[in-house]
Amino acid sequence: MPRTSIPIDPIHHLSVLDEHGKVDRKLLPAIPPEKLLRMYATMVRSRRLEESMLRRQRQGQMGTFAPAMGQEACQVGAMAALEERDWLVPSFRELPAALWRGAPMKNVFLYAMGFEEGSEVGDPDRDRVLPISIPVGSQACHAAGLAWASKLKGDGAVAIAFFGDGATSEGAVHEGMNFAGAMTLPAIFFCQNNQWAISTPRRIQTASATIAQKAVAYGIAGVQVDGNDLFAVYRAVSEAAERARKGEGATFIEAVTWRKSVHTTADDPRVYRTEAEEKAWEGKDPVVRVRRFLEAEGLWDAAKEEALVAAADREVNEAFDAAVAYRDGDVDPLEIFDHVFKTTPPDLLRQREQARAWIGGRRVIIGAGKAKTKPGGAAAVGELEEADDAPSKKGGAR
Amino acid sequence: MPRTSIPIDPIHHLSVLDEHGKVDRKLLPAIPPEKLLRMYATMVRSRRLEESMLRRQRQGQMGTFAPAMGQEACQVGAMAALEERDWLVPSFRELPAALWRGAPMKNVFLYAMGFEEGSEVGDPDRDRVLPISIPVGSQACHAAGLAWASKLKGDGAVAIAFFGDGATSEGAVHEGMNFAGAMTLPAIFFCQNNQWAISTPRRIQTASATIAQKAVAYGIAGVQVDGNDLFAVYRAVSEAAERARKGEGATFIEAVTWRKSVHTTADDPRVYRTEAEEKAWEGKDPVVRVRRFLEAEGLWDAAKEEALVAAADREVNEAFDAAVAYRDGDVDPLEIFDHVFKTTPPDLLRQREQARAWIGGRRVIIGAGKAKTKPGGAAAVGELEEADDAPSKKGGAR
Amino acid sequence: MSHGTANPAVATVTEPLTMVDAINLALAHEMAADERVVVLGEDVGVDGGVFRVTKGLQERFGKARVVDTPLAEDAIVGAGLGLSLGGMRPVCEIQFSGFLHQAFAQMQSHAGRMRSRTRGQRGLHFVVRSPSGGGIKALEHHSESEEMLYVHTPGIKVVMPSGPRTAYGLLRASIREGDPVLFLEPKGVYRAFREPVLPDEVLELGKARVVKPGKDLTLVTYGAMLRTSVGAVEEAEAKLSASIEVIDLLTLAPYDADLVRASVEKTGRCVVVHEAVKSGGLGAEISARLNEECFWSLRAPVARVTGWDIPYPLYAREKAFLPDAERIVAAIVATLTAE
Amino acid sequence: MSHGTANPAVATVTEPLTMVDAINLALAHEMAADERVVVLGEDVGVDGGVFRVTKGLQERFGKARVVDTPLAEDAIVGAGLGLSLGGMRPVCEIQFSGFLHQAFAQMQSHAGRMRSRTRGQRGLHFVVRSPSGGGIKALEHHSESEEMLYVHTPGIKVVMPSGPRTAYGLLRASIREGDPVLFLEPKGVYRAFREPVLPDEVLELGKARVVKPGKDLTLVTYGAMLRTSVGAVEEAEAKLSASIEVIDLLTLAPYDADLVRASVEKTGRCVVVHEAVKSGGLGAEISARLNEECFWSLRAPVARVTGWDIPYPLYAREKAFLPDAERIVAAIVATLTAE
Ligand SMILES: Cc1ncc(C[n+]2csc(CCOP(=O)(O)OP(=O)(O)O)c2C)c(N)n1
Ligand SMILES: Cc1ncc(C[n+]2csc(CCOP(=O)(O)OP(=O)(O)O)c2C)c(N)n1
Ligand SMILES: [Mg+2]
Ligand SMILES: [Mg+2]
């Protein structure tokens, strides 16, 4: 047997509901209509919230953020397939997932306005959600550890980590997935391959034909799904969770999707993306696809849509106003000293006193009392200017 | 096509000369006898040198080191398949590879005696060898960069990185291999899977059935070879180099082998390895296997063997004496200030003067003038004691 | 010991132990007391760690709680953080502190920030143990002193014992602390001497101790350099008939600036000794703080005896790098005689 | 500028440029002058970098020399080292200095050690550029000042310009240096003001400059804090009719200790200003060095105005973290009036 082939476990591709509304009934997961409608509502609420945030960011009412538009099916599909006890480990583009888990929109705005308050959850023991983690690739190891804790405690919980196509190039993602494989941990690594890492196309990240096949390196299950297909995602994650809970270990899921909007509000995709690409993806919007399905099933109509959108917009506006009221209220700028250690050491208390003396009566919270529509806020000198100084300066939503 | 399989490029296993001397003539690489004898001689020289080093380390004549015994076919096979212009990027167990590239044994001893002098090459431009790099996994990115430089310069050179099974768990190895894949670089990643990372067995490193299949993650060629089979290694590396030089990119090679001796002299494998395992591998010694082949081909006999061993031992002894003479000679302890920057900055010059004043006439070179056979040297309090305080304290060679 | 213990009524002491054994005992005691404590790292299980610090723990507490991991430091620390967030109390071993660089992003961007990022909602019971420092004829990267990388990282506590007893008491405290602790073990004295430990002694982090009182000069040090310094102080005192106060910091971040200041206000002179390179070392911070806080009490410049600002050499030349008694005595003499 | 230039006969100046454009120009000039210079990093190509520092370079010098890499910092730095060893002159961009942590092992264990490891045989032409510092309302991890991690790492030079002209001259020097250079760009002043640059000016690393002479106090700073400090100094001078010397360090490792000492020997008083957290910051080193080298000239404690010892907060509270003119003036006043 001098030159032989090594057998390799197959990597599957999964799709259930295509862009023309064609559905594979055999694979369609059995989701109660009530839950399905909540899933759809979450997708719409997220979309409306982000549209509002893009506007408000351009008006200088909040800082930069990374919109998830186009990736709602990935996140809502995945989270809906899991349980409350399961851990959500997000990156920085996981608004739909957070909303599914009950994050108040006020917190979303607070975070975007630069307040740690936005990362708070209701009950840190019950709300199994980690805060936004911006270092690309950092999520995999944290999820492996959470999954490991759950395995040690035997509580049946699964941990899901979200990250992007770009993140798969990071060593930390490799280490986390390999760890989870080697230790048979109940973890799900969910890669939203949205085709771009800022301006870097998927093709530049890796020579592997699919991202899903990276699972082969870790001896874990690997699946590629249509990430704009709510049901394919739901099914893949359900199956992964089942495997995990049965003690069969981790799964790596590549969800093929597309970042509809900017990388962050500081980015201008027109520099690096073609119109042809935008055209090609336009027809695949995951929200529209679910709506069509719901309508075909007789679960949805124009009036319901209108009511949903109106309610979402109301929720968004109320949340924004509440966040502004918080920001403009009696916020302690020196609270930053209070959450560094369990008990603040004497030296930090002294630094806090120095800071208090120096600030005196000055107002140092950034944005506080800011006119709601000051234009070009974030573009002023000394503020975040990742964007070009070209005409399309603020790289608005596309 | 709702649930389909993703096609994956095959990973091959290669073996040419088995442990019973059976050879696959179709795959046997055409190596001129002279070169083949030089390859065998390098394997034997390495083995004799390391045996001597193990003895001398236990006698306190030098510091710890990581023997390559059992892995000679991997390294000599790989290096012999490459050219002088190709870059060697070693880890810390690559003595046979270094000897193939002409490293003087004196330098090997100097390094083990704690002298940077041991890392020197004759001509840094011509001798395309990097120094020993101890941080596990650090080699892959360096090799990717060297391969990239060669691609930019168009000089047709290939870079080969050596690392172990344990190293494949490190993020840095992932990043380097993915980089090389994404950029189609002329690099060869050569993993000596010697079954152990110190006390950690291969099975704990990763759940993947083979290490070779990790190539699938990077879209590069992947091969598993019998690492105790000089010819299989030679062929795999030749093919990889050919691909690289043709501009077809990188290859990942898993050479399945076995660490015959200790991890380093501070280690005691009896703590974690079974006799059964030792028995199973004993018959597969790569040096013996080549000798048998050479004898069968009529290229070798007992007299030649005796002469080779005697010459090797002479070389070893002369090198050791030369290293001792160097150590006991007029070595400047403060030279450590001179190679930090291209030009030593004023501040470091001042520190050097302080150091000179403080050392005065004291002799501070460790080991200088040491009795050649002081026993148990490295086990004295305050010296390196990775080993147990159990009976087999110094974890000698097995 | 001048500092308090959690249980002042400590009665029993062990037979004299090496630091390696004292740490092993502290781990065993914490694991026995709290089943959330798990030990993870490269070779910590069957092998008991390359220095045998975790020897026997896997046999006693099982493979689920003493875990040989893949060779991946970012994952050891990162998964450790996940374990902690999931309610466990991980004690991660990094085989040598020079390989904690591979996990630096986890330490800096996550361990040190999780509490502030969540506005106090997610604190961490989280310890990373790692051997640190030189003097053992080791290979490259196995002798450096990297404490400042973490002292300069907000949100992390950095602890370094100087002997078996402090190692025991500080490790127990670190595991209970509820803040991320980097516990650096001065491997130069892993087996250098034995000392009984007090099996219920849990020392308070952030407190230094006066090892030896004195009036004329304050010597501040930590880790393996304590032993070297104490020897040097004896020599210097004999030579100069001076009385030198020796402070063992034990916690490096946040360090006990109050104790140091009080001592120097009394003595007016200070020498700081550490193995780490000089520029940006802890000696710089101590000197700057003394300058700020008791400038008018200083009767001589604060002297630093440290590693040089160069990479730690291979071992043949390590004596030229590391502070030793000769250098410390010279600095004491210069500081005592400065006018 | 008080410090020398490589070409003292510099005649032409450009029109006023922002720092972003000055860096871009320096890259273009070095790339044109030496085809071994290659630029690599995340989004440096088509996008021209997230701050547009490398804008237009790929168009001009081609895809082989301006390379969008995979998202992998360890590989960017590690492959950069390989490129350098292979005879190229890489300029690696790390998108934000907080993500250089992911490559910390490469910086500490390889960049800083390759020359000493090979006993001088393998020097490195090697530059890592990265935006650093705060004040731009950025996301978490995008505002920290991490220079000390590298200042404390032997074998690496650390450079931080304060404006367009120094950025231009120092980057050109860094690319030619032949030692590993971490070139930190104070993004708070990336576009804050414009200045002409001298297209042949190659500044010498290791040299600070006196931005403004003075007799009563020495203010030492670098990067974006220079601008804040100069404003504060004007205020303080007006208030106190004192004369303050302002030193811009430019190179942080090895820093120009001689210039600082000479100035403080003259003025007797010193304030150091930086954004980085206080404990173990460069202010500590400068204070300690002054203490060692000109203790008897000091007429007041060396004051530090720095970030606090806490994680950099999200942006709503960043003004509470960063030094500003008010704090600097307060420190100047206190130092001038200390008795
Ligand atoms: C370690 C690290 N490097 C760089 C960055 C800057 N950065 C933020 S997002 C991003 C691209 C991420 O791409 P991908 O993983 O595909 O996720 P996506 O943004 O598409 O959701 C980069 C480079 C970062 N946050 N962390
Ligand atoms: C980053 C890093 N972590 C840990 C170590 C300590 N260490 C040295 S060798 C080794 C095991 C390496 O195993 P493997 O990669 O299989 O190579 P082998 O020793 O078998 O040749 C370890 C853990 C190191 N040198 N570098
Ligand atoms: Mg992406
Ligand atoms: Mg191995």
Side-chain angles (χ1 to χ4, degrees), chain B residues 63-65 92 110-111 113-116 118 132 134-137 164 166-172 197-200 204-206 264 266-267 271-272 327 331 333-337 340 347-348 351-352 354-355 357-360 362 364-368 378 381-389, chain C residues 18 20-21 42-52 55 67-75 95-96 98-99 101-103 135-142 187-193 224 278-279 305 308-321 323-324 326-327 330-331:
Chain B
T64 192
F65 78 104
F92 42 79
L110 281 178
Y111 187 88
M113 290 175 177
F115 289 95
E116 279 78 4
I132 286 178
I134 288 175
V136 171
T168 63
S169 298
E170 287 279 0
I198 308 189
S199 73
T200 307
I204 282 182
Q205 289 301 335
T206 182
T264 66
D267 168 54
V271 175
Y272 51 82
R327 182 192 70 190
V331 176
L334 297 181
E335 201 200 84
I336 49 180
F337 288 92
V340 182
D347 228 63
L348 275 189
Q351 292 194 11
R352 196 189 205 290
Q354 283 172 32
W358 146 69
I359 291 177
R362 287 190 295 147
V364 296
I365 296 290
I366 291 184
V381 163
E383 297 191 346
L384 184 61
E385 276 206 357
E386 292 184 7
D388 206 345
D389 33 14
Chain C
T18 63
V20 163
D21 293 332
E42 296 154 13
D43 306 295
V44 297
V46 178
D47 203 37
V50 294
F51 287 103
R52 304 297 183 261
K55 190 177 164 185
V67 182
D68 280 322
T69 64
L71 210 178
E73 289 79 11
D74 194 84
Q95 210 160 73
F96 289 87
F99 306 132
H101 301 161
Q102 270 76 355
I136 62 158
K137 291 181 56 175
L139 293 165
E140 198 187 354
H141 312 290
H142 289 64
K187 58 178 162 321
V189 290
Y190 253 164
R191 292 190 167 86
F193 62 98
K278 184 175 187 181
S279 284
V305 183
W308 310 110
D309 285 333
I310 61 176
Y312 200 102
L314 294 194
Y315 82 78
R317 293 182 173 90
E318 76 176 327
K319 280 191 184 165
F321 179 90
D324 64 4
E326 280 84 352
R327 274 178 73 198

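Lettering follows sequence order; numbering is per chain, from 1. These numbers were taken from a predicted model, which means no experiment stands behind them.
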Under a 4.5 Å heavy-atom cutoff, which of [options] has the most pairs with chain B?
options	value
C:Val189, C:Thr18, C:Asp47, C:Leu314	C:Leu314
C:Lys278, C:Glu42, C:Glu73, C:Gln102	C:Glu73
C:Ala330, C:Pro311, C:Ala72, C:Ala320	C:Ala320
C:Asp309, C:Ile310, C:Leu71	C:Leu71

Begin from the C-alpha positions of C:Glu140 and B:Phe92 and carry the test side chain to side chain contact (heavy atoms under 4.5 Å, CB included) through to its verdict.
CA-CA 10 Å; C:Glu140 198 187 354; B:Phe92 42 79; over 6 Å; no
Looking at every non-hydrogen atom in both residues, tell me the closest pair between [X] and [Y] and how far apart they are.
X	Y	result
C:Arg317	B:Ile365	CG-CD1, 3.9 Å
B:Val364	C:Lys319	O-CB, 3.5 Å
B:Pro135	C:Phe99	CA-CE2, 4.0 Å
B:Ala355	C:Trp308	CB-CZ2, 3.4 Å

Select one option (side chain, backbone, both, neither) describing which atoms of [X] are under 4.5 Å from chain B's heavy atoms.
X	result
C:Gln95	side chain
C:Thr69	backbone
C:Asp74	neither

Side chain from CB out, backbone as N, CA, C, O: work out which of these in [X] comes under 4.5 Å of a heavy atom of chain C, or both, or neither.
X	result
B:Ile204	both
B:Ile336	both
B:Ala167	backbone

Enter the distance from C:Leu139:CG to B:Thr264:OG1 here, rounded to the nearest 0.5 Å.
7.0 Å
Tell me whether C:Glu326 contacts the main-chain N or O of B:Trp358 through its side chain, where contact means a donor paired with an acceptor under 3.5 Å.
no
Is the shortest distance from a Lys or Arg side-chain nitrogen in C:Asp324 or B:Arg362 to a carboxylate oxygen in the other one below 4.0 Å?
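B:Arg362 and C:Asp324: salt-bridged.
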